[in-house]
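Protein chains get the first letters and strands the later ones, always in sequence-line order, with residue 1 at the start of each.
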Number of protein chains: 4
Amino acid sequence: MAEPEDRDLPTRERILAAAERLFARRGFSGTSIRDITDAVGIKPPALYNHFPNKEDLYAEVLAASLRPLIELIDAAADAADGAPNIEGADQIVGRGMDLLREHPHGPALLMLEGITGADHLARIARDWIRPLIERGVSVLKENDASGRWSEDVYPNVIWMWFCSAFGHVALSALYAEVFDEDGLADSPFARHRDFMAAVATASFEPKR
Amino acid sequence: MAEPEDRDLPTRERILAAAERLFARRGFSGTSIRDITDAVGIKPPALYNHFPNKEDLYAEVLAASLRPLIELIDAAADAADGAPNIEGADQIVGRGMDLLREHPHGPALLMLEGITGADHLARIARDWIRPLIERGVSVLKENDASGRWSEDVYPNVIWMWFCSAFGHVALSALYAEVFDEDGLADSPFARHRDFMAAVATASFEPKR
Amino acid sequence: MAEPEDRDLPTRERILAAAERLFARRGFSGTSIRDITDAVGIKPPALYNHFPNKEDLYAEVLAASLRPLIELIDAAADAADGAPNIEGADQIVGRGMDLLREHPHGPALLMLEGITGADHLARIARDWIRPLIERGVSVLKENDASGRWSEDVYPNVIWMWFCSAFGHVALSALYAEVFDEDGLADSPFARHRDFMAAVATASFEPKR
Amino acid sequence: MAEPEDRDLPTRERILAAAERLFARRGFSGTSIRDITDAVGIKPPALYNHFPNKEDLYAEVLAASLRPLIELIDAAADAADGAPNIEGADQIVGRGMDLLREHPHGPALLMLEGITGADHLARIARDWIRPLIERGVSVLKENDASGRWSEDVYPNVIWMWFCSAFGHVALSALYAEVFDEDGLADSPFARHRDFMAAVATASFEPKR
DNA sequence: GATGAATGAGGATTCATTCAT
DNA sequence: AATGAATGAATCCTCATTCAT
């Protein structure tokens, strides 16, 4: 708990790191300023030299936590853009999950926001999720040669993968309790990622 | 907001209903006793005539919210138990989602618990999720004739469907912001349910 | 300080009494909730069972403190309405001051507000002071036969008396330090009141 | 608001000017160090290079704000010392008010202190107000030939004029709300000053 | 002189809970 | 079964002040 949260970094960064971890684990109202400052090793008033209030700190954590995810997913989609049909699907899914795994707080924060539908939801949806979906849909339009799906379910395709992938990462605590192993550890994670990639393959296998 | 939460029901039931809705929307620490009693139309001390404290009320809400889900999913699985191969998969998925839709607070509560990994998580995992997974795995063992999957990914199959289905229902607020329509309304919901059922079908289509 | 503030009265009244005294002596921002609740003999949270917040408590104190002043002055003006010329002026002044003396917190609160020009000033001016001035002006119009003053200085007449009378009562702490006697005690107060009444008489003495 | 408070002056003077204005408008406890430094355009710690703490800054503001008033009033009294009877009264009153008008924060600060009776009151009373009163009384003794007043009400005379004159200037915010015009603007101020001078004349008009 | 970072003390207010009625 | 009044603990945040730079 009181891990000094990377003692070398400037205080502002340490606050962001501690806040990200705590907000992701306990939600906004479940995390107190004191929780965060205790984790950083400062007193509560010191936090206000770096952030004007809890809300703004949270907004910054949210943005900082989602930005790399979207950027990386975007880059992965770029890479897969010209790729041939079926192989593309499983590779995108696999890469996407690997990226989520490296930034597991983002999915948790996003799903907490998505469920509780708090104040930031509209902005998140507009700025992060909608572009992500649109990006995915356009990739599908160019690459799906399976003949299985009409264009108007492409958003559902992306949405389902979004729920599955973000859900797996965000729900790692539940996964651990259910399966007695850390869902983000190498082997279980690989198994799940590969399974999801295989479902993707099956989904875009040309219809007989 | 201040809907008197079914004026005819006994107070205890009205508290449970209001608490379920609020806990699902704002989480445990984001919901105050006053929020609940305001929704019911009583004063905070009156709540303590029916529940010993907030924690126990929450535990009861959680159980009451998850029990029907598990029971109904269980029943759906029973019905599909003897069903033939491929048709079974999409029917189970479709029925399961219809059931979730009727009790949308359950998925939200479960995912909030699953993310924040709070005190109830171990019990929930043991009592509700593990049996659900095991039930699904055994159904798969009896019915999967696709030749696509080895038995040790069956848990991943169920887990992925769990994330997708519970995620879609729990994240309806996010869905609404992203797609400008209520993901639980008839037509969008049917589209997503049918798409997921189709993916199930594709996943269990016998391999060529 | 910790006088129990009239132990018999209901808590709400005791809070109002303590708050009036403290706000009048130390101003709004110089008075803490704890100051008030200490004077009443309760803990700070108990105050919130009776008033929603400090601002509203202050507003209520202000209204409760000014209302009797205005009402009584109004009544005094009524009584003097039909009175003959000169005698009226000194009697109104004398009676008005006697009334202020009985409610000395009102002038203090009003002058603090009037100086700091805080949020309530506009409302106070409109609801309390303007009617008071207008009332005084109309009395002057009917009764001033001195031939000394044009009608357009009547507001200045009232304003000057307002400053003098409210000032004397509000500034009793300063008066005490300057003159080494309590300006609200019987004898010094009577001397000042009678002097002011005499000035009023001189001011409305028919011009030679 | 964020007027840089006379950019050319040395920081110390700019702090004094900003502090005077803010203390006069919001009182001691209603003004924070940050309010002052914001108005000056520096950060709070910089203030401590010029003043040891808030209390001492306030004391200096108070002295600096009252000193010119007293000096100027004193000078005005000197000038009127040899002046003949009746004309003197109105001239002193008129000149005194003109002086107050040029330093309107002094009256506000003084009345706030006089009402709240804070720590500085005794010193202020002794050092500033008492000499002022005594000076006025001695002028009256030498000049009052009206035969209207016994010598023991002379202090009341001065006190009443003090309340009226300081009150009018300090309460300019209230005046503005009540009369819809700035009480310190040329025309309204002149009207009030002349009225007060006229009352002075009437008060010292030889009795018939 | 000025500032960024820090802090102890205290600010108003909320919260879960109790208890007498 | 319900409530008004009360409270200890905790909430977010502000404040005056310090100190190293």
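Across A:Asn49, A:Leu47, A:Val61, a single residue satisfies side chain to side chain contact (heavy atoms under 4.5 Å, CB included) together with A:Ile15, and that is A:Leu47.
Residue contacts for B:Thr37: at a heavy-atom cut-off of 4.0 Å it reaches no nucleic acid atom on any strand shown. Using a 4.0 Å heavy-atom distance criterion, C:Ser29 is classed as making no nucleic acid contact.
The side chain of C:His50 places no N or O atom within less than 4.0 Å of a non-bridging phosphate oxygen (OP1 or OP2) of F:dG4. Residue A:Ser32 places none of its side-chain N or O atoms closer than 4.0 Å to OP1 or OP2 of F:dA10.
In this structure, B:Thr11 and C:Thr11 both approach DNA chain F, and ranking their closest nucleotides by distance from the 5' end singles out B:Thr11. Closest-nucleotide positions on DNA chain F for D:Asp35 and D:Pro52 were compared, and the one nearer the 5' end corresponds to D:Asp35. Mapped onto DNA chain E by nearest heavy atom, B:Thr31 and D:Ala46 fall at different nucleotides, with D:Ala46 at the one closer to the 5' end.
Atom NZ in A:Lys54 sits about 17 Å away from atom C1' in F:dT14, given to the nearest Å. Following rounding to the nearest Å, A:Glu55 (CD) and F:dC13 (P) show an atom-to-atom distance of 9 Å. Straight-line distance from the CG atom of D:Asn53 to the P atom of F:dT18: 8 Å, rounded to whole Å. With rounding to whole Å, A:Phe51 atom CZ is found 15 Å from E:dG4 atom C1'. For the pair A:Ile15 CD1 and F:dC13 P, the interatomic distance rounds to 13 Å; values are reported in whole Å. Taking atom CZ of residue A:Arg34 and atom C1' of nucleotide F:dC13, one finds them 13 Å apart after rounding to whole Å. Separating the CD1 atom of B:Ile33 from the C1' atom of E:dC15 is a distance of 9 Å, rounded to the nearest angstrom. Rounding to whole angstrom units, NZ of residue A:Lys43 and C1' of E:dA9 are separated by 13 Å.
Under a cut-off of 6.0 angstrom, the local environment of CZ in A:Arg12 is crowded, with over 12 non-hydrogen atoms contributed by other residues, nucleotides or ligands.
Of all heavy-atom pairs spanning B:Leu69 and B:His103, the tightest one is CD2-CB, 3.7 Å.
Across all strands shown, F:dC13 is found opposite E:dG10 as a Watson-Crick or G-U wobble partner, with both distances under 3.5 Å. Partner assigned to F:dA6 is E:dT17, using Watson-Crick or G-U wobble distances below 3.5 angstrom.
Relative orientation of the D:Phe23 and D:Tyr58 rings is perpendicular, given thresholds of 30° and 60° on the angle between their planes.
Two residues are said to be in side-chain contact when any heavy atoms from C-beta on lie closer than 4.5 Å; C:Glu113 and D:Leu174 fail this criterion.
The A:Tyr48 side chain lies nearest to F:dC13 when the options are F:dT17, F:dG8, F:dC13. Closest contact between the side chain of D:Pro44 and the listed nucleotides F:dA6, F:dT17, E:dT3 involves F:dT17. Nearest nucleotide to the C:Pro45 side chain, out of F:dA6, E:dA2, E:dT14: E:dT14. Minimum atom distance to the side chain of A:Ile42 is reached by E:dT7, of the listed E:dT3, E:dT7, E:dG1.
Applying the 3.5 Å distance criterion, the base of F:dA6 shares a donor-acceptor pair with the side chain of C:Asn49.
For D:His50 and D:Glu13, the side-chain atoms include no donor-acceptor pair closer than 3.5 Å.
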